[in-house]
Amino acid sequence: MSSLTFDVTGMTCAACSARVTKASAAVEGVEAVAVNLLKNRMEVTFAEGADRAETAGRVIAAVEKVGYGAQVQGGVTSGDAGAGMGAAPAKSAGAAAATAEAEERAVRTRLAVSFLFTIPLFYVAMGHMLGWPLPGALTAPTSVGVLALLQFVLTIPVVFVNFKFFRLGFRAIAHRAPTMDSLVALGVTSSMAYGLYCLAKMQLALGAGDLHGAQMAGMDLYFESAAMILTLVTLGKYFEARAKLRTTDALEALIDLAPDTAERLLSDGASEEVPTDQVRVGDLLVVRTGAAVPVDGVVREGHCAVDEAAITGEAVPQDRFPGDAVTGATLCVSGYAVIEATRVGADTTLSGIVRLVDEATSTKAPIERFADRVSGVFVPVVIAIAALAFAVWLLVLRSTLETALVHAITILVISCPCALGLATPTAVMVGTGRGARNGILVKSAEALQNAHDIAVVALDKTGTITAGAPSVVSVTTAPGVAEDELLSIAHAVEQRSEHPLAQAVCAFAVERGMAAPAVEGFEQVPARGVVGTTGGGRVVAGNEALLSDEGVDASALTAPARQAAEQGATPLFFACAGRALGMIAVADTVKPTSAAAIADLRALGVRTVMLTGDNERTAHAIQAAVGVDEVIAGVSPLDKERHVRRLAEGGTVAMVGDGINDAPALARADVGIAIGAGTDIAIDSADIVLMRSDLMDVASAIRLSRATMRNVRQNLFWALIYNAVCIPVAAGALAWAGVELNPMIAAAAMSLSSVSVVSNALRLRRWRPVHSPGALALLPAERFEGAASRQEATHASAAVSTEEGAAAAAADTSDGQTARIGQETERSIAMNRELKVEGMMCQHCVRHVTKALEGVEGVSAVEVSLEAGTARVAAEAPATDEALVAAVVDAGYEVPSISACA
């Protein structure tokens with residue numbers, strides 16, 4: 001199935017959108033229709049096999065037949081978005097914003113003219129009743145005709161500038177599809193007609209010399225009511241138009257992030273400034289400090305720190321080195337880099353975000369269907385109630401024609417279908433915009449609504465709960481072997497292997513500054529490991545079975561290896577010249593925020609289930625580390641889909657994953673949530689995309705959904721209550737108690753109703769991610785939010801890290817087989833100064849801080865913890881606190897505090 005987006009003109013209220021929807025859906029070949037009143041846009045999905053061009057023509061004709069206008073929006077299908085040149089989504093959104101701005105200017109002009117004439121009209125019509133001074137020429141008994149004529153003349157310009165209400169309103173009635181404009185047009189026309197009737201009576205009375213009759217007729221003129229109705233409704237439309245502009249602030253801010261120009265590097269080393277839309281894949285671009293990255297690319301030269309807050313919501317700048325990817329529209333806060341463009345135009349991440357948000361705000365949430373059904377019959381019912389009230393007052397209650405007419409006009413004017421029509425789309429538009437600004441991309445209004453009911457979250461393990469890449473978690477040496485000797489030999493033999501576990505060992509050795517001796521005769525042993533020869537003899541690296549085959553006694557390493565395996569790690573044994581050197585445990589480590597994310601979901605009343613293809617032992621080790629409620633191990637991709645289907649029987653289920661194997665489960669879940677760093681297939685299968693690849697955002701997405709749906713329900717409640725209360729009062733249900741409304745008050749109330757609904761939706765612009773106290777306690781220092789100060793957060797996190805380190809040290813064996821975490825804890829005890837360091841985000845940062853502190857005279861040892869956000873220093877004179885702080889600050893980080901430590 002394919003779809004087309006149409007721009008629709010002439011819609012002013014929910015009744016209009018309901019009518020356009022009904023007319024378009026009735027066209028043969030149309031599968032589904034979604035009309036967005038806020039954006040004056042319609043998304044039409046065509047049935048399989050339908051001729052799109054021919055069907056689109058019939059849709060346009062159907063829309064025009066019911067009194068509106070329609071045209072295909074640039075000929076771009078939602079399925080082809082991004083297939084053409086450059087920034088189609090941005091242009092589309094920009095054009096919609098320009099249209100909204102033009103509408104706001106037009107309404108502002110109409111409002112200014114209306115007030116210009118309505119104020120003096122109200123003064124001359126009501127001034128004598130309010131005790132205001134009037135010229136004698138207008139207060140004389142014989143001037144009653146002049147006063148009436150003046151009121152009529154002042155009313156004409158107000159009617160003229162607001163003639164849109166009459167044109168659209170009566171055209172809708174002619175098409176048997178009355179709208180809010182029809183209600184206003186009928187009310188104002190009735191007031192004007194009755195005013196002209198009284199004006200004619202006055203002239204006849206004056207012609208007959210009946211001055212008293214003329215004065216009595218002059219009291220029944222309703223020209224000021226007609227003008228005031230139009231002015232107040234226009235005032236409401238003006239506030240509504242301004243509020244609508246603000247609902248797209250987040251989307252507009254995203255569009256504005258893209259720089260207009262890029263600095264392209266030429267073959268001779270010079271550079272030139274070119275428009276960003278002329279950048280092509282493969283171009284080399286220069287990015288300097290303070291400049292925005294023009295397109296998605298890869299760093300080829302240099303180094304830069306990039307602020308990605310606008311795209312991912314992550315506030316801390318990220319270091320980017322050669323080979324690292326950079327995202328277009330992010331800001332280079334320091335450094336200089338040359339990047340190679342990899343994705344340009346509509347293929348960039350920014351264009352994808354804009355497209356997703358734009359599409360999401362064009363869809364309808366299920367709850368909106370209720371408002372659409374009510375809106376479809378609302379206006380005809382109101383007209384019927386007004387006619388019935390007129391007949392009852394005139395024929396049953398025997399009141400005057402004026403009284404009956406006033407009640408009918410008041411009913412027409414006070415009813416407000418707009419509030420119903422705006423209740424859901426405004427909240428959805430603001431909610432999805434706020435989500436995008438915080439790295440949470442919601443792909444449809446339905447997904448936004450479904451997320452608030454999530455009862456179970458099914459989680460993939462690899463790449464979702466864990467980092468997705470193995471790393472060294474502990475190092476155990478054999479008796480009499482130094483750790484550096486083990487790491488050097490391990491680095492030498494493993495650097496020839498392409499296995500992920502070998503690469504993890506090499507990366508760890510490089511981080512520790514280990515040199516690798518030359519290896520000869522490298523050989524891989526299937527299902528066992530690798531062997532080679534160095535200057536010290538034959539080297540063996542692999543599992544315990546390989547060492548046994550080589551005749552190496554590794555019994556001293558059996559206990560720590562078993563302990564590592566029970567914790568989900570893979571033990572790698574190393575030996576040289578027939579002597580066991582030690583064991584290195586490698587595992588796919590848990591992400592720093594995973595435990596906090598699980599705790600946050602539990603605080604929301606959501607049960608968590610981990611689905612993984614790993615074995616039971618590894619799965620339960622991860623469960624113990626992060627606290628998921630249930631583990632299902634050894635499952636295939638199809639098994640994941642089956643388990644998600646089973647879980648859905650107990651309530652709304654969300655599936656969180658990042659890989660190709662997660663796609664079936666993501667598609668099956670009520671809400672599929674993809675980690676942003678995952679595969680394109682997973683992202684395409686998901687309903688929500690987390691740009692930061694952070695599990696904490698799962699709870700944030702649920703909170704955003706709940707806040708949005710709460711706002712929608714508030715809007716619908718007040719819209720329904722407003723009409724349910726005001727229409728009976730306008731009909732005179734409380735006249736026996738002396739409570740009656742006139743058309744002017746009704747017009748003001750109707751305008752305020754629409755404005756209040758939109759204004760309530762705009763409160764969502766203040767939404768930001770928050771987390772439960774239990775989750776905050778588990779967050780690493782650099783991600784801690786909600787504490788009275790950053791220092792308190794860091795102290796809390798450091799205390800947790802210290803306790804964990806002490807526990808790990810206590811668990812070590814006493815025969816020299818000491819885990820690395822235990823060694824680090826022991827070394828840390830000797831440090832006598834502790835600095836709280838802010839801004840560290842990766843191991844590159846750790847190296848920078850370590851190097852900076854080691855360069856301070858008098859420093860004998862440095863221990864930097866990324867998780868705790870601390871740097872512990874053993875220092876002697878002349879190393880002062882000021883010198884230590886200055887060294888870290890000069891390296892580009894912040895030091896909020898420095899204190900003594902044990």
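Position 1 is the first residue of the sequence; numbering continues from there. Computed from a predicted model, the values in this text were never measured in an experiment.
The minimum heavy-atom distance linking Gly431 with Thr708 is given by the pair CA-OG1, 3.9 Å. For Ala185 against Phe170, the heavy-atom pair with the smallest separation is CB-CE1, 3.8 Å. Ser191 approaches Ala226 most closely through the heavy-atom pair CB-CB, 3.9 Å. Pro380 and Pro178 make their closest contact through CG-CG, 3.9 Å (heavy atoms, listed as atom of the first residue, atom of the second, distance). When all heavy atoms of Gly145 and Leu206 are compared, the pair lying nearest together is CA-CD1, 4.2 Å. When all heavy atoms are compared, the tightest approach of Ala427 to Val712 is CB-CG2, 3.5 Å.
Note that the OG1 atom of Thr231 and the CZ atom of Phe117 stand 11.0 Å from one another [nearest 0.5 Å]. The CD1 atom of Ile229 sits 11.5 Å away from the CG atom of Asn162 when rounded to the nearest 0.5 Å. The CZ atom of Arg58 lies 13.5 Å from the NZ atom of Lys65; values are rounded to the nearest 0.5 Å. Taken to the nearest 0.5 Å, the OG1 atom of Thr109 stands 9.0 Å off from the CZ atom of Arg105. The distance from the CE atom of Met228 to the CG atom of Leu235 is 10.5 Å, given to the nearest 0.5 Å. Considering OG of Ser705 and CZ of Arg710, their distance stands at 10.0 Å, rounded to 0.5 Å.
Looking at Val233 and Phe165, their side chains come closer than 4.5 Å, going by heavy atoms from C-beta outward. Using a 4.5 Å cut-off on side-chain heavy atoms (C-beta onward), Tyr722 and Ile414 make contact. Under the 4.5 Å side-chain criterion, counting only non-hydrogen atoms from C-beta, Asn40 is not in contact with Thr9. Looking at heavy atoms from C-beta onward, Leu230 lies out of side-chain contact with Ser114 at the 4.5 angstrom threshold. No side-chain heavy atom of Phe6 sits under 4.5 Å from any side-chain heavy atom of Arg41. For the pair Leu186 and Ile173, the minimum side-chain heavy-atom distance is below 4.5 Å. Arg763 has its side chain within reach of Asn760: a pair of non-hydrogen atoms, C-beta onward, lies under 4.5 Å apart.
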Evaluate Val35 against Met11 for side chain to side chain contact (heavy atoms under 4.5 Å, CB included), listing each step before the verdict.
CA-CA 10 Å; Val35 177; Met11 295 192 300; 3.6 Å; yes
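For Trp767, the ring pair (Phe, Tyr, Trp, His ring centres under 6.0 Å) test picks out no residue, with sequence neighbours left out. The side-chain contact (heavy atoms from CB on, under 4.5 Å) test applied to Ile119 returns Phe115, not counting sequence neighbours. In this structure, the side-chain contact (heavy atoms from CB on, under 4.5 Å) partners of Ile745, at least two apart in sequence or on a different chain, are Leu741, Asn742. Residues passing the salt bridge (charged side-chain N to carboxylate O under 4.0 Å, His left out) test with Arg713, sequence neighbours excluded: none.
Remark: the backbone N or O of Leu448 is not paired with any side-chain donor or acceptor of His452 at under 3.5 angstrom. The main-chain N or O of His175 is found under 3.5 Å from a side-chain atom of Arg19 such that the two form a donor-acceptor pair. Under the 3.5 Å distance criterion, the side-chain polar atoms of Arg52 are left unmatched by any main-chain donor or acceptor of Phe46. Not one N or O on the side chain of Ser24 forms a donor-acceptor pair closer than 3.5 Å with the backbone of Thr21. Distance alone, capped at 3.5 Å, places no donor-acceptor pair between the Asp181 side chain and the Lys164 backbone.
With Val406 as the fixed residue, the side chain to side chain contact (heavy atoms under 4.5 Å, CB included) test singles out one of Ile409, Thr403, Thr410: Thr410. Under the side chain to side chain contact (heavy atoms under 4.5 Å, CB included) test applied with Met42, the options Asp7, Leu4, Thr5, Val63 reduce to a single match, Val63.
A centroid separation of less than 6.0 Å is found between the aromatic rings of Phe166 and Phe163.
Residue pairs meeting the salt bridge (Lys or Arg N to Asp or Glu O under 4.0 Å) criterion with at least one partner in residues 108-126, sequence neighbours excluded, are Glu104-Arg108. Sorted by first then second residue, the ring pair (Phe, Tyr, Trp, His ring centres under 6.0 Å) pairs that include residues 383-404, not counting sequence neighbours, are Trp393-His407.
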